[in-house]
Each structure stands twice: as C-alpha cells, then as structure tokens.
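Written out below as structure tokens is the structure these notes cover.
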Number of protein chains: 2
Amino acid sequence: MARAAGVSQATVSYVLNDNPNARVSEQTRERVREAAARLGYVPDASARTLRTGRSGLVLVPLAPARTGRLFQDFLDRFGDELGRHGFTLVQYGERHLKGVPAAKSWAALRPAAVLVDVTRLTKAAVDLLTSSGTRVVIGLADKPSPLVPVVVLDHEAVGACAARHLLGGGRSRLGAVVPREEGIDLMGEARLRGVRQVAPGAERIDLAFSEEEAARVAARADLPEGIFAYNDEYAMLLISALQDAGVRVPDDVAVVGADDLPIATLMRPRLTSVHFDPTATPGELAALLEEIVRGEREAGPGAVVDLYRPRIVVRDSA
Amino acid sequence: MARAAGVSQATVSYVLNDNPNARVSEQTRERVREAAARLGYVPDASARTLRTGRSGLVLVPLAPARTGRLFQDFLDRFGDELGRHGFTLVQYGERHLKGVPAAKSWAALRPAAVLVDVTRLTKAAVDLLTSSGTRVVIGLADKPSPLVPVVVLDHEAVGACAARHLLGGGRSRLGAVVPREEGIDLMGEARLRGVRQVAPGAERIDLAFSEEEAARVAARADLPEGIFAYNDEYAMLLISALQDAGVRVPDDVAVVGADDLPIATLMRPRLTSVHFDPTATPGELAALLEEIVRGEREAGPGAVVDLYRPRIVVRDSA
DNA sequence: TTGTATGCGTTATCAT
DNA sequence: ATGATAACGCATACAA
C-alpha cells in the first residue's frame, strides 16, 4: 500500500490514523487517501494487535439466548457505544475447545477487556488475562467480588422488591418460584434469597416450564397467599394453571412477575411485575471502559457498577 | 516460549498445531507441552491471522436483540458448533464508525466468513471482503440472491402456511398484520405477500405494538374473518384487544400467530401458531462452512440453504 | 528429527 | 516534514 502511494509505511499509518503528533503536509495526506481509496485498502486489525499487544475486542463470553431479554438489550446498546469508542464487542457462548480452559481461548484474542459471569472466573484466569495484555476483567454478578470489579444485577433486590409489595398488600404467607431450568436456576435462587430477606418464612417452589408441572402446583391445597413467580413468563404459566384449577388471582393468590414484558399488560388479570430502571447507561459504561483501557483510570476489585434498580409496577394480579 | 522449552519456534508451532507433515518425536512434543503449561503460554491469534491472512472469526453483523428468538437460538448453537471447528462467531450490531462503510470495518478483521442480511450487501462490499481474504460471504434472506449464497428464512412461506390454514377453516376474508416496528417491518411485508399468494384479496393491517392501536383495530365494524397476526406476540396483543371489544375468538375472528412460543399455550383461547421446524442443523452448516473456508468446496451465488420449514400448530384460536 | 530464516502489516524510534 | 528500519509472534520453506 505504502509503495503504491509513493510514500513510506509510516506516513500511511500517520495519515490514516490521524495521529496527532505527526506532521504531514496536506498534499501528502491527499495522496495517501487517494491511493487507499483506489486500492480498496483496509488496515489490518491483526497487524495492529500484534504490534500493540492488544486488540480492540471486548469479549463477552455468554450464551446470548440464555441471558434474558433485559441483559441482551443492554449488550446490544453497549456494543453500539463501544463501537463509537473504537472497540468491537464480541459475544460468544462457552466452548470446550478440545478441553482447553475457556480463559486460554479468551486470552488468545488479546482482548482489551473481558466481561464475564464471576462464577466462571478464577484467580488463575484473571491472572492469565491480565498478564497477556487484557486491561480489565469485569465480572457480572449480583454482589461485589474480591477478585474483580463487577457489574451488578442484584437479583436479591428483585426478590425483596416483589416480597415487600406482597406483604404490603396484606399477604403474609409467601412463596417464590425457582425455575428448574439450566442457566437461570441460580438467578432464581438469588431472587428467593431476596424474598426471604423480607419474608423469612417464604416457601421455595421449584417449577419447570411446563403446564403439567404448573398444574401440579396449582392443585395444592395449601397455596401461599402471595407468590413471586421469578419472571413474567413463569408468572403467566402459573396464573394460567391457577385459573384452570379454579383458584382466583389475585383474590385467592396474588402473583408478581418480573421484567415487565409488553405482554404483561395483555394478561387477564393484568400482571403486576418488577420493572427494571436502568441506572448506568451503556454509553457511560463504554466511556468508563475506554478510560480504563487507555490507562487513564484504575479499576480494582471491589468496584461496583449497578445496572438496574428494581421497581414494582402494580397492575391487577397482586 | 520456544527458548524456554529448549527448542525452536518452528517445533513449537508444529507441536501445538498438530501439524501432520511435521515429524516430531514424542519426547520433544512432551517437552513443548510441559513448557507451554508451565509458562501459561497462549498462542497469539493476531500473529497467526497476520501470517495466514485470515482470522478464525465468523462475522455476523446483526443487532442481536432485533433478530428474534428463533434466529437467536440458531446463532447460539451455530456459535457452539463453529467453536468445535476452530472458529469464533462474532456477533455485533451495526456501527457508523466515523462514516466508514460497514464493510471496511468487517474487512479489517480479516474474517474467514461473513453472514449478513443481503439488504446490507452490495457488490462492492462483497468484492472488498473476498479480496481481503474472506473466503465466503453468506447472505441472510428470504429468497435466493444473485450476489451471494444465502441462508433462507422464507417469510412468504410462513404467511402462506397461515393463510392456507385459515382458508381451510372456512374463513375467506383474510387480513395480515404488518408490524409498524423498525427492523421487523420488512419481514411483516414478506409474510403479507405470502398470505396474498394464497388469498389474493387479503387486507393489510398495519399495527404498532400498543394496546391503543390494537383497540382501534378491534373496534372496526368490518373485521376480516381470519387474521394472521405476524407472530405470537402480536397475536396476543390483538386477541386481547378483540376480547376487550367483545369480539369472540375464534367464533367471530380467527387469529393465527407464529413462532409457537411456550406462552402460546397459556392464552385463552390457546393460540394457533406457525411453528418452525429446523431443516438444516447448526452443526451441518458449521461443517459446510469449514469445508468452504478450507477450500475443499465451492459456494457460489444462487446456492441456498433453507433454515426452517413452517408448519401450522392448531389450537383454539383458529 | 530439528533448527534457521523470512515475511505478514503495523507502529515506534531514529535518521534525514 | 518525511523516510528508513526494527520488532511484534507466528507459519512455513528449506537447510542441516
């Protein structure tokens, strides 16, 4: 490319990167740009990565389909914002590439940052990443971590929020659904803990997403007076089963969902749900991340960014 | 790394890549592996990319949250399978990085393959990619393309499938919902075309996802006898509005959704929906892609892989 | 069976 | 104000 423009490689680099401490005449700049356009020249990201020791990739090793709509929306916009800062968000599910530990396949890409569930992080993994150029490893968790700074989605607060509303409505015997579904069961347990912070005796109701299971629960004689159903989908499942069993909602049993899905208002009774108000915008996070990667800012273990604040949206089901 | 193992770089490369035309003693192999483990050595993907001219990345430039659950599930498993073949699926939303054409930012990563909506492809973009090392550009479309091989999700077939069922049930005046929602409006129009293939006079019903809009439609005096509501969520919205307006479903108006979501069976009446049977598995596609990238197979414009076959699941709403 | 040498495209440093 | 050069880590042709 350089030879084609009649200038040196260095000059090309200066021009195309708008390098501020390079002094290049406007005439030369034009010649370089012309040649680049003519040749369809595109800078090679891998060469830059090799040279600088760090890629522009921000890794998010999560199974997209399993993270839920809320976090998926967040990632979507976060990726947009990162793009504006020159990064590329890379989302991919877990692999067991010939038994290679996940952290190694992450490190191979020399990512600028990694955002991953803390349950999948070990000290060794963090060390491997940081020693191979990654500037910051951010955990995804529901509480602070001694290992890394975290982005928090506080599931206990969600359960507590729902439970407070149910108690406030005069229901004293509570229950909380814990989905029997891989990938979200842990979140279910966290939300249950939150319910129990407010209503210590709350019952755990394990439930798979099937009408048979829901019918079995609905047929019980000793149903709690109020149930936090984990999310809106499980709430719909449960309400549907309760109605089929002749149990009145909310008269006999109050039900609260979470996520405040658009379809929540379409149910009859309309679904009372825990809504998530964003507290940190993707744009702010992207800007923060850029500062950290550029070394203008430190972020150690213990640091916390809260993503959402739960808020109850009262409709008819509770 | 090489010096630490007491061997040459070349030997390290041979051993770690299981290079078949290199003959290395088992003893040396062991020494290399031991040193790699001891040092926490991780090969640098960017160096490999620079050397070979092509990365292991498979780019899917789509806004994840907007592609729908079905395709998201597909991508999720496709990514897993690609991982087994040594590729990394990279999903990211559209950027407008300082006005740089999208194809340039794709080409910068020297991806092995790109899978993208054909509406975002031009001849120039395809040429740029192929000339910079990308082995195959695959379009995502609802019909064959003269530009690239495509993966098909035939929306017209979906509409036709729903319309056939409605006609077969004795409904002759049909309507089809076209969502007024960026990103899915084009799919809505394709599904409408499919309905009209079977029922030429079918009415187009534009609808935004809001209860007010749906109520307005439901209040009409001249409702069609059968409506294909685009998908299950719009079907739920519409049915809810119809019921509020005193219109009986399916007696007065039959409604068909699509996607066959788990919650479809929770509605009352239970939702009749177009289900998607996978015809090509992610595993097959990943294997196919690997063959193409390795040059063992050609894939030119016109080639088509059909992803799903639509099938009606009859319940109570139509 | 193993080592040596070369070059991929970029950027930092130093020379002109 | 611009050019020359080295080095990043890896894969590969070729020498030993």
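Order of the sequence lines fixes the chain letters, A, B, ..., with proteins taken first and strands second; residue numbering starts at 1 for each chain.
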Residues two or more places apart in sequence or in another chain: which of them pass side-chain hydrogen bond (donor to acceptor under 3.5 Å, both in side chains) with A:D127?
A:K123
If I compare all heavy atoms of B:P43 with all of A:R110, which pair ends up nearest, and what's the gap?
O-NH1, 4.0 Å
Please list all pairs passing the salt bridge (charged side-chain N to carboxylate O under 4.0 Å, His left out) test where one or both residues lie in residues 49-59 of chain B, with sequence neighbours left out.
none
Report the residues that fulfil side-chain hydrogen bond (donor to acceptor under 3.5 Å, both in side chains) with B:E156, sequence neighbours left out, ordered by chain and then residue number.
B:R193, B:Q197
Just jot down the side-chain hydrogen bond (donor to acceptor under 3.5 Å, both in side chains) partners of B:R135, sequence neighbours excluded, or say none.
none
Expressed as a whole number of angstroms, how long is the span from A:L16:CG to C:dT11:P?
9 Å
Please list all pairs meeting side chain to side chain donor-acceptor pair (under 3.5 Å) that have one or both residues in residues 288-298 of chain B, counting only residues at least two apart or in different chains.
B:H85-B:E290, B:E290-B:R294, B:E291-B:R297, B:R294-B:E296
Can you pull out every side chain to side chain donor-acceptor pair (under 3.5 Å) where at least one residue sits in residues 141-155 of chain B? Sequence neighbours excluded, please.
B:H155-B:R191
B:E181 meets the side-chain hydrogen bond (donor to acceptor under 3.5 Å, both in side chains) criterion, sequence neighbours left out, with B:Y234
Produce a footprint string for nucleotides 8-16 of chain D: one letter per nucleotide, 5' end first; B if the base is under 4.0 Å from any protein heavy atom, S if only the sugar-phosphate is, - if neither.
BBBBBB---
Please work out which residues in residues 290-297 of chain B have a non-hydrogen atom less than 4.0 Å from an atom of DNA chain C and list them by number.
none
So B:V7, base contact, sugar-phosphate only, or nothing? Heavy-atom distance under 4.0 Å.
sugar-phosphate
Within the structure, does a side-chain N or O atom of B:T28 lie under 4.0 Å from either OP1 or OP2 of C:dT2?
yes
